[in-house]
Amino acid sequence: MREEAVHNGKNCVPTVDILGIPIHQLTRKELLQLLKERLQQRLTTWLVTVNAELVVRAGDDPKVASALQKADLLVADGAGVVWAARTLGGVELERLPGVEIAEELVKWAAEAGLKVYFLGAEPGVAEAAAMELRYRYPGLLTAGCRHGYFTQAEEQYILEEIKGAGPDILLVALGAPRQELWLAEHQGELLVPVAVGVGGSFDVWAGRVKRAPRWMGNAGLEWLFRLIIQPRRARRMLALPRFVQQVLRRKYAGRRTGK
Ligand code: UDP
């Protein structure tokens, strides 16, 4: 894989700045097309699907912000980022939820004979997710599965295992921002053609967690559904009003300075 050309490739795509995070303006179709082209050109791609919570985390934690700087492509995962792009940049983005993008990648992999490695979630969940996806997409090749509760001491072994398995696509389900910090640290060494952090997607595919009904997702209420089914997320959700506040503050500060 040619690493040096990665950044030239991504720079062809226009971005909209959301509180310091450049979000690429791509539709679902364009994103998949770009990933396919980059794979053909032997460029590695680390893709991040960004939600409001991750933007706030990046603002609070410079380690997260600098990890995101290393990503090749960043797209809008949730309704919050779509709203912020409209509010700050007058740009209409398509919502590209991580779980749906990851499933598109798996579908592509099954069609193209690409191998997928599943890293993350509780023991047994990655295997169950892979099994469900093999059922949905017959012919899907699994490069390996490993749970996400490993120690620092086990990490080197896992890295070697992934390198040895040679996946074309690496799905990392360690939750945000841990998966972003992990990929920022290791993607340069792994050089997997396509790597993406997929949050709780394995739990969804394995049937352990339900996704919000489509109407809630379209209405920007996926967060409310997740709060109802996983009340332990309440603390994390405090990031959402902060996100709204920060976006509005940026917008009106921009107006005052004429930007
Ligand atoms: N997880 C993991 N290792 C950890 C912490 C979390 O593998 O040390 C997994 C967890 O089991 C779950 C996923 O990461 O499958 C996080 O899911 P969540 O819905 O919280 O994702 P997020 O909203 O953070 O994207």
Side-chain angles (χ1 to χ4, degrees), residues 21 23 46-61 63-65 67-68 71 74-82 95-103 105-106 116-133 144-159 161-162 170-186 195-212 216-217 220-240 242-243:
I21 310 294
I23 304 293
W46 166 24
L47 168 69
V48 182
T49 67
V50 180
N51 62 18
E53 200 184 321
L54 189 58
V55 176
V56 172
R57 285 299 287 267
D60 288 344
D61 185 346
K63 277 203 289 258
V64 176
L68 294 182
L74 302 103
V75 295
D77 178 292
V81 173
V82 171
R95 198 165 59 90
L96 304 175
V99 62
E100 290 179 19
I101 295 306
E103 188 156 345
L105 294 179
V106 166
V116 183
Y117 193 104
F118 297 78
L119 172 67
E122 287 177 11
V125 176
E127 288 82 355
M131 194 159 71
E132 169 62 23
L133 291 171
C145 294
R146 180 155 284 274
H147 70 75
Y149 292 83
F150 48 85
T151 62
Q152 193 71 32
E154 290 164 328
E155 192 168 79
Q156 196 52 40
Y157 173 80
I158 292 170
L159 290 168
E161 184 179 272
I162 296 172
L170 171 62
L171 304 181
V172 182
L174 299 175
R178 188 175 166 212
Q179 61 202 15
E180 280 70 36
L181 293 167
W182 196 87
L183 277 166
E185 192 176 345
H186 300 297
V196 56
V198 298
S201 302
F202 295 0
D203 298 304
V204 172
W205 293 326
R208 289 168 54 118
V209 172
K210 267 198 169 23
R211 273 201 80 196
M216 281 188 100
L221 293 175
E222 192 141 12
W223 62 272
L224 178 61
F225 181 85
R226 296 189 81 181
L227 183 61
I228 294 166
I229 61 165
Q230 295 173 300
R232 65 186 159 81
R233 299 180 77 89
R235 252 180 78 85
R236 288 176 53 177
M237 297 245 166
L238 292 174
L240 300 181
R242 286 185 60 212
F243 178 72

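Each ligand, and each atom within it, is numbered from 1 in the order the structure gives.
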So, Glu154 side chain and Thr151 main chain: donor-acceptor pair closer than 3.5 Å or not?
yes
At less than 3.5 Å, what protein N or O atoms come close to the N or O atoms of ligand 1? Include the distances to 0.1 Å.
from	atom 1	to	atom 2	distance (Å)
ligand 1	1 (N)	Tyr149	OH	3.2
ligand 1	3 (N)	Gly148	O	2.8
ligand 1	3 (N)	Arg178	NH1	3.4
ligand 1	7 (O)	Ala121	N	2.8
ligand 1	7 (O)	Ala173	O	3.3
ligand 1	8 (O)	Arg178	NH1	2.4
ligand 1	11 (O)	Tyr149	OH	2.8
ligand 1	14 (O)	Ala173	O	3.2
ligand 1	14 (O)	Gly175	N	3.2
ligand 1	15 (O)	Asp203	OD2	2.4
ligand 1	17 (O)	Gly200	N	3.4
ligand 1	19 (O)	Arg226	NH2	2.6
ligand 1	19 (O)	Arg233	NH1	3.3
ligand 1	20 (O)	Arg233	NH1	3.3
ligand 1	20 (O)	Arg236	NH1	3.2
ligand 1	21 (O)	Gly200	N	3.3
ligand 1	23 (O)	Arg233	NH2	2.8
ligand 1	23 (O)	Arg236	NH2	3.1
ligand 1	24 (O)	Ala176	N	2.9
ligand 1	24 (O)	Arg236	NH2	3.0

Looking at Gly217, is its backbone amide N or carbonyl O close enough to the side chain of Arg95 to form a donor-acceptor pair, meaning the two atoms are under 3.5 Å apart?
yes
Lys/Arg N to Asp/Glu carboxylate O, Asp60 vs Arg242, below 4.0 Å:
yes
Could you pull out all residues at least two apart from Asp61 that satisfy salt bridge (charged side-chain N to carboxylate O under 4.0 Å, His left out)?
none
Atom pairs and distances, donor-acceptor, side-chain atoms in residues 172-185, under 3.5 Å, two or more places apart:
from	atom 1	to	atom 2	distance (Å)
Arg178	NH1	Gly148	O	3.3
Gln179	OE1	Leu174	N	3.2
Gln179	OE1	Gly175	N	3.0
Gln179	OE1	Gly199	N	3.0
Trp182	NE1	Glu155	OE2	2.9

If you look only at distance, which donor and acceptor atoms sit under 3.5 Å apart when one is on a side chain in residues 47-54 and the other is two or more places apart or in another chain?
from	atom 1	to	atom 2	distance (Å)
Thr49	OG1	Asp77	OD2	2.9
Asn51	OD1	Glu53	N	3.3
Asn51	OD1	Leu54	N	2.9
Glu53	OE2	Arg236	NE	2.8
Glu53	OE2	Arg236	NH2	3.1

